[in-house]
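Written out below as structure tokens is the structure these notes cover.
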Amino acid sequence: MMYPATTASTARTSQAHTGSTLYEICFRKADGSLARKISTPCESELKAKILAHALREAGTVQLEVWAGETLVYARGEQGGGFHRH
């Protein structure tokens with residue numbers, strides 16, 4: 001399914017026509033720099049978190065899931081890598 005293009009400012013707060021919230025998933029390197037950023041609609045916060053872990057890339061040590069201006073999930077540490085429980 002294709003979603004209409006949006007600007008960065010409207011993308012953070014918009015919802016897809018299906019009622020899904022648009023989440024931003026950020027992956028960071030050990031130095032704290034942004035390695036990759038993905039904007040995607042998800043039906044729930046839980047599904048956004050699961051997707052973030054599924055898309056994790058080698059060389060990244062931290063992930064963040066944002067809903068608008070709110071950080072809803074973060075894992076990993078700068079320089080410390082991901083921890084599995």
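These numbers come from a predicted model, not from an experiment.
With values rounded to the nearest 0.5 angstrom, Leu51 atom CG is found 12.5 Å from Arg56 atom CZ. Note that the SG atom of Cys26 and the CG atom of Leu63 stand 9.5 Å from one another [nearest 0.5 Å]. The line from OG1 of Thr21 to NZ of Lys47 is 12.0 Å long, rounded to the nearest 0.5 Å. Here the NZ atom belonging to Lys49 is positioned 9.0 Å from the OH atom belonging to Tyr23, to the nearest 0.5 angstrom. Rounded to the nearest 0.5 angstrom, Thr40 OG1 and Glu24 CD are separated by 11.0 Å.
By the 4.5 Å heavy-atom criterion applied to side chains, Leu71 and Val65 are not counted as neighbours. Counting heavy atoms from C-beta outward, Glu45 and Tyr73 have side chains that stay 4.5 Å or more apart.
Minimum interatomic distance between Cys42 and Ser20 (heavy atoms only, all atoms of both residues): O-CB, 3.3 Å.
Partner of Phe27 under the side chain to side chain contact (heavy atoms under 4.5 Å, CB included) criterion, chosen from Thr60, Leu34, Val61: Thr60. Of the residues Lys29, Arg28, Lys37, Arg36, the one that meets the salt bridge (Lys or Arg N to Asp or Glu O under 4.0 Å) test with Glu57 is Arg36.
In the hydrophobic cluster analysis, where Ile, Leu, Val, Met, Phe, Trp and Tyr join through side-chain heavy atoms closer than 4.5 angstrom, Ile50 is grouped apart from Leu55.
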